[in-house]
Amino acid sequence: MSLAVSMRNLDQAFQGAGQKAYPFTSETTFHGPICVVVCNITICLAQTFASKSGVLRHDIHYWLGKDTSQDEAGAAAVKTIELDAVLGGRAVQYREVQDQETNKFLSLFKPCIMPREGGVATGFKQVDEDEYKTRLLVCKGKQCVQVPFARSTLNHENIFILDTQSKIFQFNGSNTSIQERAKALEVVQYIRDTYHDGKCDIATIEDGKLMADADGGEFWALFGGFAPLPRKTAARGEDTTTDSHPTKKLLRVEKGKADPIEVHSLTRELLDTDKCYILDCGLEVYVWMGRNTSLDKRKSASSVAEELLRDSDRPKSHLIRVIEGFETVTFRSKFESWPQTTNATVTEEGRGKVAALLQRQGLNVKGLLKAAPEKEEPQAHIDCTGNLQVWRVNGQNKVLLSAADQSKFYSGDCYIFQYSYTEEDKEEHLIGTWFGKQSVEEERASAVSLASKMVESMKFMVAQTCIHEGSEPVLFFLIFQSFILFKGGLSDGYRKYIAEKEIPDETYTEDGVALFRVQGSGPENMQSIQVEAVTPSLNSSYCYILHSGSNVFTWAGGLTSPDDQDLVERQLDLIKPDLQTKPQKEGSESDEFWELLGGKTEYPSQKISSVPEGDPHLFSCTYSKGTLKVMEIYNFTQDDLMTEDIFILDCHSDIFVWVGQLVDTKSKLQALTIGEKFLKQDFLFENLSCETPIYIVMEGSEPPFFTRFFTWDSAESNMHGNSFQRKLTIMKHGGTPMTDKPKRRGTASIGGRSSGAPEKPQRSRSVSFSPDRPRVRGRSPAFNALASRFENPSSRNLSTPPPMVRKVYPKSGTPDSGTKAAAIAALTESFDRPSARETLMPRIVKKAASPAAAKTTSPEPKTKENSMSSRLESLTIQEDVKEGETEDEEGLPIHPYERLTTSSTDPVTDIDVTKRETYLSATEFKEKFGMKRVEFYKLPKWKQNKLKMGLQLF
């Protein structure tokens, strides 16, 4: 049974709900005594957002002013239940009370929420719009409330804003923090822009500085002169409400009554999908509604919860309603046990209702009914053609590895690597530690200490990461390109450990029996992982290399592709380059092959899954005496990152610890510890592994793989001063950013290096393609010379050099004689040009690609004038456009942004409403999205839609 709702029984105002996402600002001003809900009074706040998996989620907030009547509050609750039904029964519903709003609700308003006295004009009341007059506001967190204009109102605990016709004053109480003052400036900025057309002067008044300047004298004169402010006895004037109901109580709602359930501990099994429950936690009261409950049952449960709060005189308690399968993290945290996954899914009926509403509005609903995540190509988000240095940790020291060995790791050792790359004409660095599963604790601690000293020696202006074997991020593999992991170890610590424990030494030897699983997505991301040389280690989804002395076997699982099998050939050049192989296919193996593995037995066929990247969550952190406290920041932006603080960005597959410039040195050195504490405490109940990769990001040196989660302005993070001083500079002087970071030498774009720059040590690929080396698997020296012409010279040199024969059609899954002939013909043409190697730079082509170019670079007939690089460029650009599922066609009409939005009063007609952004000019596109078209269309579809929703283009 599932929730069935007839649209005839619901408010017509809800038609089309959930298909648009409106950005909220302080312009969405609430009038005190009126509920924010669809009656005929004002509107309901329903936030729609797409999760990483592509599923639409909804939050509904209904706001009750302090003078709201009981009838209005009840109507608001009922209408919210109806709105949830329209949205498919998946929304989390929040009851918001004036001055006691949830942080999630307040985060919707930038810079804050500003309730006003009065109300909206209705048939029951009339509202007079007052003329502009001087007003005094007090800022408390994300709230800004008008207070009596009197000197007695001022105190040391808060920040006040005095808004006059000619000037806006910000009075900073002596007990307020820098961060609070910086946030208050955002309110000042909003008031100036909204009520003064951006032309009003701004002054800041520091509590306790008497009348030291003209602004101070002018400020106090408006209050009748200066007088000392009394000290308040109550701390900060904040809400001191305590939880008078600390004990959790579970109540079952039946026939309009709530009956307590006597249990010793709360578990998920207590909740029946056919019933509604109330979980009373004091300041938080939850209504849990089973998926199979009717609309009337849900309304009844909500009414019972409202009555419970009224009878117990708890107007400040938050009431939150959740649907089975869409419970919030805080709700699940109230239970002793909660399964990691739930069997409840969004019904096709619920999806169908939302899809039908969207379709009637002319929107594309493709993928809504089947919200399977799209397959994404691995992305590093940084230039992977930089320079790499690797050290193996040996006791308390680190040993620099040669170019030939720097991508060959052992499971019993720890390693430190430093990767240097070019970003925005500056040389950036990533310093990382890698811990093998069999490495000893002493050397792990030594690796962290040595890496921290390297970071400190570079004045903390580098990114840092900590990686564990088996949990490596894609970025790690793309930096190393070809990675080989051997069993055993070479360090003194590992040798000492196995000797003391009398453990057999499994360290890899070239003459022994060894089995390698080959994996990866291509020549720039491939790994060989040594596994136990037994049959259960095989997997039908992978290819393997097995060797015993001079006998070398390759094994291709039945579920592998030609691309997977191509990686085996490349890895053989690194593991056993000069020996003839014996190819084996699943199902037709030789007896000798099975004998080496100890006999044929059962083995798996399912591909090993990696932890997917999830929706990002930002937390502010307080770490003191070994205790970590965090608070989630909803709807975050770059402005939420304060230079005095430490923040954690949780992306599920990895976490980022962002450290502000003004954080003290001791706290900076504790950044890794903070990240480890965060993983252990698992605040979002994600079942995070303690071996999840941790990145430490310093303000001013944020790498692109971190800034991609924000709309980023690098100038902001490079400014002088604290948070308050920076924002004040921006407001008064336009914010000319100044930075202490020296301008480092620039290098060429991703495809290569500047010829004028000093030469840096290169990683050599010569081991792979020496023309003099015998090729015993059917590859003659002549073929090697021919194939080497296909190599990508833009790739930085590696110590582990895979032979790279690039396909003209890289996504072609099956060999095609015509394709090979075309590739050889194109290659032959390149012989006629002396600088052919300089033209074969797919990376540069990718960077230059744009949707606009796709139309003009269609393939032309082969001629001497058509270089291979131009054909590669054409193919690459066309492929990118196809993947983004959009085109910027030549001659497409251009319209202004205001006419393309879903809320436009003068909308453009005869356009594809699913691709509104394609009608923006290039300049306006970059201004609105903060990136070029080609960058936008390379984003995952869910992220494209999320950006479009924020701009009212979806």
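- Remark: Leu567 engages Val518, Met526, Arg570 in a side chain to side chain contact (heavy atoms under 4.5 Å, CB included) (not counting sequence neighbours).
- Residue pairs meeting the salt bridge (charged side-chain N to carboxylate O under 4.0 Å, His left out) criterion with at least one member in residues 528-550, sequence neighbours excluded, are Lys487-Glu532.
- Partners of Lys600 according to the salt bridge (charged side-chain N to carboxylate O under 4.0 Å, His left out) rule, which considers only residues two or more places apart in sequence or in another chain, do not exist here.
- Scored by the side-chain hydrogen bond (donor to acceptor under 3.5 Å, both in side chains) test, Tyr634 finds no partners at all (sequence neighbours excluded).
- When ring centroids are compared, Phe636 and Phe710 come within the 6.0 Å threshold.
- In this view, Gln179 and Asp645 satisfy the side-chain hydrogen bond (donor to acceptor under 3.5 Å, both in side chains) rule, not counting sequence neighbours.
- With sequence neighbours excluded, the residues satisfying salt bridge (charged side-chain N to carboxylate O under 4.0 Å, His left out) with Glu592 are Lys582.
- Within the structure, salt bridge (charged side-chain N to carboxylate O under 4.0 Å, His left out) contacts touching residues 439-456 (residues at least two apart or in different chains) do not occur.
- Val568 and Cys543 make their closest contact through CG2-CB, 3.1 Å (heavy atoms, listed as atom of the first residue, atom of the second, distance).
- Thr267 meets the side chain to side chain contact (heavy atoms under 4.5 Å, CB included) test with Ser265, Glu269, Leu270, Ser337; sequence neighbours excluded.
- The ring pair (Phe, Tyr, Trp, His ring centres under 6.0 Å) test with Phe409 is passed by exactly one of Phe417, Phe480, Trp391, Phe486: Phe480.
- Separation of the Tyr508 and Phe516 ring centroids falls under the 6.0 Å cut-off.
- A search for side-chain hydrogen bond (donor to acceptor under 3.5 Å, both in side chains) contacts involving Ser667 returns Asp664, not counting sequence neighbours.
- Atom CD of residue Glu510 and atom CG of residue Leu579 lie 9.5 Å apart, to the nearest 0.5 angstrom.
- Checked against salt bridge (charged side-chain N to carboxylate O under 4.0 Å, His left out), Arg495 has the following partners two or more places apart in sequence or in another chain: Asp505.
- Side-chain N/O atoms of Ser420 and Glu427 include no donor and acceptor closer than 3.5 Å.
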Throw together a table of side-chain donor-acceptor distances under 3.5 angstrom for residues 617-626, partners on residues two or more places apart or in other chains.
unit_1	atom_1	unit_2	atom_2	d
His617	ND1	Glu632	OE2	2.6
Ser620	OG	Met631	O	3.4

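- Outside the 6.0 Å centre-distance limit, the rings of Tyr494 and Tyr410 are not counted as a close aromatic pair.
- Looking at Asp492, its side chain never comes within 3.5 Å of a backbone N or O of Gly395 through a donor-acceptor pair.
- The backbone N or O of Gln606 lies less than 3.5 Å from a partner atom in the side chain of Asn539, making a donor-acceptor pair.
- The backbone N or O of Ser482 lies less than 3.5 Å from a partner atom in the side chain of Ser407, making a donor-acceptor pair.
- Taking the six-membered ring for Trp and the full ring otherwise, the centers of Trp658 and Phe656 sit at least 6.0 Å from each other.
- Side-chain contact annotation: Thr422 with Asp383, donor-acceptor N/O pair under 3.5 Å absent.
- Residues satisfying the side-chain hydrogen bond (donor to acceptor under 3.5 Å, both in side chains) test with Glu469, not counting sequence neighbours, are Ser411.
- The backbone N or O of Gly386 lies less than 3.5 Å from a partner atom in the side chain of Tyr419, making a donor-acceptor pair.
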